[in-house]
There are 2 protein chains.
Amino acid sequence: MLSSVDNVLRLVQLLRDTGGLRNKDAADALKIAPSTANRLLSMLVYRGFAVQDESHLYFPGPALAEPAIEDTGTRRLVLIVQPHLEEAVRRYGESANLIIRVGTSARFLSTVESPHPLRVGDRQGAVVEARKASGGKALLAELPRKTLERMYLGELAPHDQRMSDAEFDAFIAELAAVRRRGCAFNREAIETGVSAIGVAVHNPSGRGVAALSLSAPSSRFERIVTGGAEQFMRTIAEHVEDDLAGSLSSE
Amino acid sequence: MLSSVDNVLRLVQLLRDTGGLRNKDAADALKIAPSTANRLLSMLVYRGFAVQDESHLYFPGPALAEPAIEDTGTRRLVLIVQPHLEEAVRRYGESANLIIRVGTSARFLSTVESPHPLRVGDRQGAVVEARKASGGKALLAELPRKTLERMYLGELAPHDQRMSDAEFDAFIAELAAVRRRGCAFNREAIETGVSAIGVAVHNPSGRGVAALSLSAPSSRFERIVTGGAEQFMRTIAEHVEDDLAGSLSSE
DNA sequence: TATAGAATTCTGCTATGCGGAAAGACCTTC
DNA sequence: GAAGGTCTTTCCGCATAGCAGAATTCTATA
């Protein structure tokens, strides 16, 4: 048995079932040393399964709130998209990502990292708020207003995603601009110093199934925008759509 | 960085985001050897994060469908209940568990294992269907009928938990018997060869907050029932309730 | 029936991950 | 304000856990 692996899985269960705990609680519950618990909890924080507050308590992180999805061909999508992400990195020298939306979350399925020493790192597996991510906005922009209302307004909306009427109207206006422009931006909405441009990818029946994004340190970001990244990302998305259609018809 | 721990966390994310995969897919995606992927996936199966079907495909397991809960004092509850579980094991020689209900799931918070070589093992962290678990039934029995309808009947019910009208009526009748009797049974409903008796534990305002169960190999189970386990478990639950009330008033 | 690919098991080896010690932070009590 | 206790986090030496490759087994396809 892989004891370190087993310990971290039990720690995930403990976090899930207690809702929050201290390092010492974890060590006691799993009968491991506090230094071991500290290392394992740090890994959970690193991968988004836990967050630590300023009084050293650990709470369930965004990765613990995300349900599994049905198999919707994401493995195949990753393979199809990979060369296109590589092309985007070659062209602009910045990190490129494949993203899907699940509810109000955006999930990174894969990253091709920029070769620059200062770069946005591999986000594979990471989960962020769709409303803040460039790829998330690109996908949300294609949803009917009623769907967006259910997601972000009133009692049916997830509590932490709920917007005021004013916030919601501003968001709708922003998404209208995304539709006009054919791409969305995130300027440090998720992480200080990181900006991104994202476009939606559609299946043959026209539904947004994923998004591609190019992310860069903000210091280099405007340069890629003025360097034609908007049109380039739209073109890449079209190529991906062609490949998707082609791969479906060869089954 | 703990590479084996990091790999398994990334594997959890991969399983969540793909909805199902083969061993080789996992190895390729994480850039690890197939033998490594196999060992890690086996750990995920063991702890309920994955299930493997008969064609060797891995799918998200019950542990991946369970949301984190708010901190409701489960750590304190575990400490308060521990000596009572030990008393039950001393008295009957079988494994004793502390369980909470979350939605339609029952979660094992802690286990004190029987000293017998043949015994029901430590289930801490495990998740089962509440409707099948003795502790789960004890807690469900205390819910209003309308709540049970939302959980198990019609479109609002989780798809995998949905019952027909006939099944639901039979379940309601079973829960009425649980209320009359003050305890619930699971006779091999979850795992072949394992039976259990469970009772609810209430907070001072009378709400069921947890359950205690005694689980045994079915071959020894009737002996503990005829040995007064029903009344014993009810008594233990009362003692736990007294301790809970006492610990609240000392804060 | 043969072949190829994948899954799983086995095993030697080395790099990982353990726990203890130490340092630092914080809270409580006097 | 000082002392003491507890907890968190970091560091480090060491033992073994967990790696990948090889071998074996299984399954699907031609």
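Computed over heavy atoms, backbone and side chain alike; hydrogens, waters and symmetry mates excluded. The sequence lines fix the lettering, A, B, ..., with proteins before strands; numbering per chain opens at 1.
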Quiz item: Does a salt bridge link B:Glu94 with B:Arg220, judged by any charged N lying under 4.0 Å from a carboxylate O?
Solution: yes

Separation of D:dG21 atom C1' from B:Lys31 atom NZ, nearest Å, is 20 Å

In whole angstroms, the gap separating C1' of D:dT8 from CG of A:Leu44 amounts to 16 Å

Here the distance between atom P of D:dT9 and atom CE of A:Met43, to the nearest Å, is 16 Å

B:Arg131 side chain to B:Gln161 side chain, donor-acceptor N/O pair below 3.5 angstrom: yes

Here the distance between atom C1' of C:dG17 and atom CG of A:Asn38, to the nearest Å, is 13 Å

Closest to the 5' end of DNA chain D, once A:Ser4 and A:Arg39 are matched to their nearest nucleotides, is A:Arg39

Taking only side-chain N and O atoms of A:Asn23, does any of them lie within less than 4.0 angstrom of OP1 or OP2 on D:dC7? no

Self-check item: Pair A:Arg90 + A:Glu87, salt bridge at N-O below 4.0 Å
Solution: no

*Residue pair A:His159 / A:Arg162, side-chain heavy-atom distance below 4.5 Å*: yes

From NZ of B:Lys24 across to P of C:dA4 the rounded distance in Å is 16 Å

Do NZ/NE/NH1/NH2 and the carboxylate oxygens of B:Arg16 and A:Glu66 come within less than 4.0 Å?
no

B/S/- along nucleotides 23-30 of chain D (protein heavy atoms under 4.0 Å) is ----S---

Contacts of A:Leu2 and A:Pro34 projected onto DNA chain D by closest heavy atom; the upstream (5') one is A:Pro34

Exercise. Any donor-acceptor pair under 3.5 Å between the side chain of B:Ser35 and the base of D:dG21?
Worked result: yes

key: 4.5 Å side-chain heavy-atom contact, A:Asn7 and A:Ile32   = yes

Original post:
Taking OP1 and OP2 of D:dC7, is either one under 4.0 Å from a side-chain nitrogen or oxygen of A:Tyr58?
Top reply: no

task: Anything under 30° is parallel, anything over 60° is perpendicular, the rest tilted; go ahead and classify B:Tyr92 against B:Phe232.
output: perpendicular

A:Arg22 CZ to D:dG5 C1', in whole Å, measures 13 Å

note: A:Ile32, atom CD1; D:dA17, atom P; distance rounded to Å ~ 15 Å

Separation of C:dT16 atom P from A:Leu40 atom CG, nearest Å, is 16 Å

Between C:dG17 and B:Ser3, is there an OP1 or OP2 to side-chain N/O distance shorter than 4.0 Å? yes

